[in-house]
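Numbers restart at 1 for each chain; the letters A, B, ... are given by sequence-line order, proteins then strands.
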Amino acid sequence: MSTTTAGAPPAAVPPAARVETPFRRFVSEFAASRLALFGLVLFCIIVLVAVLAPWIAPQNPYDLAQLDIMDGRLEPGSVGGSGITYWLGTDDQGRDMLSGIMYGLRISLTVGAGSAILACLVGASLGMLAAYAGGRTDSLIMRLVDLQLSFPAILAALMILAFLGKGILNVVIALVVVEWAYYARTVRGSALVERRREYIEAAQCLALPTHRIIFRHLLPNCLPPLIVVGTMQVARAIALEATLSFLGLGVPITEPSLGLLIANGYEYMLSGKYWISFYPGIALLVTIVSINLVGDQLRDVLNPRLKK
Amino acid sequence: MSAVLEAPRAAAQGSVPIIELRGVSKRFSNPLDFAGRLVKRLGVKVREDVVHAVDGVDLSVRKGEVVGLVGESGCGKSTLGRMVAGIMPPSDGQVVWRGQDLTKLSGADAKRAKLRTQMIFQDPYASLNPRLKVAEIVGEAPQYHGLVPRGGLEAYVDDQLRRAGLDPSLKRRYPHQFSGGQRQRIGIARALAVQPDFLVCDEAVAALDVSIQAQILNLFMKLRRELDLTYLFISHDLGVVEHLSDRVVIMYLGRVVEEAPSEEVFARPNHPYTRALLAEVPRIEARKRVFAGVQGEIPSPLNPPSGCHFHPRCPFAFDRCRAERPALKQVAPGHRSACHLNDAA
Amino acid sequence: MPASAAPGAPTLEVRNLRTHFLTRAGVVKAVDDVSFTVRSGKVLGLVGESGSGKSVTGFSILGLVDPPGRIVGGQILFKGQDLATLSEEAMRKLRGNRIAMIFQDPMMTLNPVLRIDTQMIETVLAHARVSREEARQRARDALGQVGIASPDERLRSYPHQFSGGMRQRVAIAIALLHKPDVIVADEPTTALDVTIQGQILAEAQKLCAQTGTALVWITHDLSVVAGLADDIAVMYAGKVVENGPVEQVLDAPLHPYTLGLIGSVPSRNRRGEPLRQIPGMTPSMLNLPAGCAFRARCPRAEARCAEPPPFAEYRPGRFARCIHPHEEAVAA
Amino acid sequence: MTVFLLRRLLQAAGVVLVMSLLVFLGVYAIGDPIEILISPEADQIERERAIKALGLDLPLWQQYLVFLGNALRGDLGRSFVFNEPALRLILDRMPATLELAIGATLAALIIGLPLGLYAGLRPSSPVSKGILAGSILGFSLPTFWVGLMLIMVFAVQLGWLPSTGRGETVTILGMRWSFLTRDGLAHMLMPALNLSLFKISLVIRLTRAGVRETMLMDYVKFARAKGLSPARITFIHVFKNILIPVVTVVGLEFGGTIAFSVVTESVFAWPGMGKLIIDSINVLDRPVMVAYLMIIVLMFITINLLVDITYSLLDPRVRLEGKS
Amino acid sequence: QTLTMGVGAPVTSIDPHYHQLSPNTAVAHMIFSGLTTTDGHARVIPDLAESWKAIDATTWEFKLRPGVRFHNGSEFTAEDVAFTFARVPNVPNSPSSYAIYTRPIREVQVVDAHTLRLKTAVPYPLMPTDLASVMILDRETHAQATTEGFNAGPMAVGTGPFRMISHRNGDRIEFERSDNYFGARPAWQRVNYRMITNDAARTAALLAGDVEIIDQVPTSDLAKLRNDQRLALSEITGLRLIYLSFDHSRTDSSPFVTDNDGKPLPANPLKDARVRRALSMAIDRNAIVERVMEGAAIPAGQFLPEGSFSYVPDLTPTRFDTEGAKRLLAEAGFPQGFRITLHGPNDRYPNDSRIIQAIGQMWTRAGVRTAVEAQPWTTFVARAGRQDLSSFLIGWGTSSGEGSNPLRNLTATFDRDKGYGASNRGRYSNPEMDRVLDQAMRELDDAKREALLQQATRIVFEDVGILPLHIQKNTWAMRKGLAHDPRADELTRAHDVRPASAAK
Ligand SMILES: Nc1ncnc2c1ncn2[C@@H]1O[C@H](COP(=O)(O)OP(=O)(O)OP(=O)(O)O)[C@@H](O)[C@H]1O
Ligand SMILES: Nc1ncnc2c1ncn2[C@@H]1O[C@H](COP(=O)(O)OP(=O)(O)OP(=O)(O)O)[C@@H](O)[C@H]1O
Ligand SMILES: [Mg+2]
Ligand SMILES: [Mg+2]
């Protein structure tokens, strides 16, 4: 036994074929659900369609000069005055629904992602600040969060939009205002937990400066719940924007989002011109479902509690 | 073999304390908010919750010494360790590092003092940042503090890993790919990388299996010899402490109740709590013994008993114990104990 | 008193138990050929390192292995009846009644939202046709039995109002409600402080002696086993590698792993001297090498060790799974 | 408990004050009610008279102080449009919204809990996967669109249910409720279902997640080790634990439901508070808007308080004195 | 015997003098009566007054109908009229009071129980027209009446064909036939008057059979409802003109008009009548009427439809001519056109936001690159009223059915003291027109007055002071078996509905 007293030999390497990064592990766990993978693929296609809309859409539905009301409310598959075929029909302005949906996706996704990113930035910073500063700062921020969370999003957004007026930017602002609190609460929650972890103490012990501890050690470990909240909030923001547009406060009518397309077509529902709101509705549904599918799986994969 | 051991201890006798705690206390409180104060003003009984995690502790550790800190859960061992390591300021008292008050040191000096004291943590899972590679975990601080020349970091990290008994080829991996023992070695390499001379080991082996525990304990001893390190070794495992320490400090509910050289404590425990503790420790040598158990529960630090904290569980308690806090008094050379029985005798 | 001298048939006999987990990554042979016997009033200490399969063995006895785990072989003979073949309903009737279990973490074993009395009375009513009042009376008695003062008041409390030690005692009281023949205790003192551990061990000892319950005490702490158990079974990588009376195994183990384990206990070493350590790490349960799983860390290892060693009785009452067993006294 | 209540009271007062200011400013900024309210035939003199009559000629801060002073006396102003106390108008409409929201919440619990329980207990069965997929759908469908589809199918195509409006009512405690009459219930069915769609999904997911997490807990295993029947484990040990998050979230969501009924009420022409507020926004009936928002805020504070108290009743670990 | 109606606009008050709003007026017509009233084509006809005449330039005499009783049995006399006129200006908090109709009256002389003389300061030819809006209350019953009293029911006592039984604010009002009514007996014993503001919901309610008649049929549903065998429609050309208003207030650059590079223009092109005419020519009104309004409107060239008092027969809608518009623009100095933002509400008039988009398309084709911005009425109308906009769509309903009303309100020069131009949001001003209008307003002779009003109208529209688009048609849909007399003034009243078999 005396051989071992010379100090432990270098510990054996655990058998692992390739270096497993947290990212790779995450990818493989995510891919475990076929439904989620399907959602992801679907979402990617949707994003692609939205991004490429100006190149692949048959018409620019936002250019009034390209529309002709004489082509209004044509059935799917009709051929319009200028000879183009409206595969999904047209709305009351003679707007090609297919193009309208592609561009509408652009708006909806921009609004959803834009508001989610901005809200995340604002919320995460405030949440981090609350968790790290503690005391009065913390309680002030958290009271603000409570206030925001207890106030119904839809009402708050209605008020803000009534105040700011229409426009994509204003919708984004309104959504940021109603959503930041979710991020703040999430980040604060996980930061408070992570903060007490020993690796943070170790970093303090190594005399690393506070900002480095926050941004290099604390923040990355608070990200998973944030990502989950983020995806869910993108879906929520898209739905909320649609509802706001439906209630008449949202994006401008000449640049309709999916929600506004639905709202426009809503009036034609009873008269049998279903396509004006049905197809955008389906597009909206598929988008939100795909995001939620992805978010759902993220929640499972990133939730440490379900892991043993 | 024992010669290896005696040398540093001899050196330890005369030298100045590397760290000294003077009447150090730590209180955690949750101050009443406005509503609370208002209600209190109205005469309703509300109490501010104050935890006296550490209550007036004096302790000095000399260079090259291994001091074992023993006590039951929640008695304030970790808190004390954190204050020694400089990551938590004391509420009262002074932490003196090589003759300088840590709290009064200025930026650069404070940083240097902080770096010279490092901590090894209990939980090998929580003490490593899961999002950094091993090389980053070990190399971050030396690089940040400029302890290694530019370009020399790779080799430096390799050295640290090798010294902690890890294969440097593993440094591109993430913590979750290691076993508990290996992680503990990473933690040790991280601490050693900033060239400390004092290590606070907070339950550093408690989470490990016996066979792995032996490996890590051996590593500690090896490093002590090689790097002339001083240790504050916190543990609730008396066996480990007995094996490793030169001096043992026993805490109960935030206070030091006994302090003596290792052999002395195990041979002639003075404080009733120490005696109970020693009696309860299962020993592999003691076969089919009859357990008895110290009576009573460990009191809450929120609401500690008056006088001597141990009196509700002490079979020898008398009136004075309930009223007066016993002071830590010398009962033999180098052996101090806080018990009124010593006065009575 | 040697175990073989105990009168009567063993209360519980585990024979070649195999419990495997069919995970996506592969088959985890968490328990792979485990055998031991416990007699009435005796304590068997089941020791081993983390992940060696101790808990799974315990759960297998109670039929509580969750999918993807499954008992794939062997027998669990409880008073001659094979539990492994019993229906779920029949098993449920035994659980908490004839066979009880105590868990490691007292903070987690009691349902936080139910009062102690609810949790105790439901256990009584699950197996006995008695009135609620009588059930409460039994619960009260059980609490008194484990040394809890003012049981009436305590019955109306919620678990969070108890300290860890108290909760563990409540758990023991629940296990005792039907005076079971076997109690499987899965590291019940690991999470507790030394002085409180002493209290629990004292309780356990007393009860075993009084009621004649056979006790399977799972732990990784050899010192606890030394003080408490009559027999000891040492597990390594899902297998029992050594089995026998406590004194003999601890004084002169047959298996090199047992030897290494005892050697690495600090108090078995000279103060200040390096500890004897077992080199290397515990192997992953996912891809265990064929043959002796310990051979990579074994000082006695040789080519023959690549063959699976038999679990054989090398001395009377002492079994080991090693092809070159020899008693090696542990230096003090 | 006293501290807790007092703290809540203080917080509530603060919140109400801040909200009143925000709401007042916000509502003020939206537009000029005179333009909307006044008859187009009115000439300039008549306009000036109306501005004065409605107190809109005062500077904003004075208007706010007047409002605050009246509010302290329980008077939230008179509706410009109806010339009735705004508070009375809203309270008059409240039962309609309340019964809708309660109906939706009950529906969510009655439908969501069993489904979630099943999905949580058998996570890998195809039915559970179907339930989960369905819940995603419930999350994703825009309320207004579903509402219209419901009307199309059940009222117009099938003619089973009345399309819109509130049916017969019965007066209890001076308030009109429709859930006690057959006709009233028939009218309520679709809007309540529409409103509950999102909540059903929410309850399913909460329950499922809760069950899955709880089933992994040691105490469930311990309960099994005690030999309890699966039914008792599920319905006592697991259920009581998942009830805590479910009650909390559903309770907190209740406020959201009341707010979200704005959409449902306008689709189903349900004469509740939500429709009142939308109509009031359309005519800039400031007193009603402000009063509505104040009432909503108060309602939220109350709901939060009730949720906290319920929470502490359900979860013995929570003491209300506990620090926030 | 019971009629269930679904109306699109909420009734806000039962008090007939509180808030002037057409749904309120409709309900007031069912409960109360005025001295005069209007028929379906907005012509003034007798109601509580049997006849009236101007006995001198500043005195009107009204002969009241005898034997009329209020719902509660109390008798109707001239005192009640005097009482009513006294109450009208004094309704507390009224945001939009009826005082504008009684203000010209200097003095009320009760000659006898059924004769009344009204003195005015200046000749006031519109007196009988204006009084159609003032509902007469009972002096005994209503002495202490408050708006809440009306809403709650006890005060809702009038001389009209129906008594109010219950009122659920924002939801429904229930009526019962009054046996005291002096006019033709309504066909319905009970009326359930439900407010369903959402268009689709209202149509759905009719389709589902929950209501028997609805008003404000959404244009999108017209085609379907017309083809539905179970349903019948009634329709009439209304009195609401939808028009575009231009910024006349600025001579320098107007906020939403820029050159093609987006830079402000030095002068406001909208001040140039040629530009305005060009913009008018660029609009295909028939396309809007057919495609956007789905036939529920007629193209307009002036305020009122044919057959109205002061209609100008030869003032036809501007002919659609894109090329002509381009030529005119070039003539005005804009051969390349310019850029403009057209504003409009999105929740006020049928298809309002669709119309402005369609106009946007048309103007853009004529070389004026047009952006379109639709806003909720609340925000929009405030901006329009502040002269924040350059061009916007808005509407005007001439409930009185004669031309002086829009001329005074929309196109007369803004003048606080005269009370003219109150709704002239573009601040159009034409002294010539003002002069003719003043003359007309003092002319008691109907024929002469009509000629003057026609002259003023011609001036406005030849100058394109405002740009008329179309006049809406009012439509009602009902189950087969009902007949409805449609009203040009958009009011939906139960006594206009009867079983189809019953003779009028
Ligand atoms: N940040 C904190 N806030 C409030 N109380 C604290 C905090 N840290 C520690 N305490 C309290 O101080 C007391 C001492 O804690 P400490 O962690 O030092 O004990 P310990 O002896 O290390 O226990 P263990 O053996 O369980 O690690 C405990 O009662 C603990 O609850
Ligand atoms: N649900 C499961 N799925 C897959 N593998 C499992 C599962 N449960 C246990 N195992 C594996 O079975 C082996 C034995 O586990 P077990 O819990 O019995 O160990 P133990 O000896 O009780 O360890 P400890 O001392 O840590 O409690 C481990 O390797 C573990 O990874
Ligand atoms: Mg500790
Ligand atoms: Mg275990």
Applying a strict 4.5 Å limit to non-hydrogen atoms, the region of E:R365 in contact with chain A is side chain
For the residue pair E:H484 and E:W476, categorise the inter-ring angle as parallel (less than 30°), tilted (30 to 60°) or perpendicular (more than 60°).
tilted
Do you know which of E:E294, E:Q361, E:K224 has the most heavy-atom pairs under 4.5 Å to chain A?
E:Q361
For E:D347, is it the side chain, the backbone, both or neither that has a heavy atom under 4.5 Å from a heavy atom of chain A?
neither
Which one of A:T254, A:I253, A:D91 has the most heavy-atom pairs closer than 4.5 Å to chain E?
A:I253
Please state whether the side chain, the backbone, both or neither of A:D68 comes within less than 4.5 Å of a heavy atom of chain E.
both
Please flag which part of E:T364 lies under 4.5 Å from any non-hydrogen atom of chain A: side chain, backbone, both or neither.
side chain
Quick check against the 3.5 Å criterion: does E:R285 have a side-chain atom that pairs as donor or acceptor with the backbone of E:P317?
no
Keeping the roles fixed (side chain from E:D215, backbone from E:G8), state whether a donor-acceptor pair exists under 3.5 Å.
yes
Please verify the inter-ring angle class for E:F338 with E:F334; under 30° counts as parallel, over 60° as perpendicular, anything in between as tilted.
perpendicular
Against chain A, label E:A204 side chain, backbone, both or neither, depending on which of its atoms sit under 4.5 Å from a heavy atom there.
both
So, the part of A:N264 with a heavy atom under 4.5 Å from chain E: the answer is both
Who among E:P218, E:A358, E:A371 has the most heavy-atom pairs with chain A under 4.5 Å?
E:A358
Donor-acceptor pairs are to be reported for all side-chain atoms of residues 320-330 of chain E against protein atoms at under 3.5 Å, with residues two or more places apart or in another chain.
from   : atom 1 : to     : atom 2 : distance (Å)
E:D321 : OD1    : E:E323 : N      : 3.3
E:D321 : OD1    : E:G324 : N      : 2.8

Quick one: does any side-chain atom of E:R276 pair with a main-chain N or O of E:L270 as donor and acceptor, under 3.5 Å?
yes
Main-chain N/O of E:I355 paired to E:N351 side chain as donor or acceptor, under 3.5 Å:
no
Which atoms of E:T219 approach chain A - backbone, side chain, both or neither, heavy atom under 4.5 Å
neither
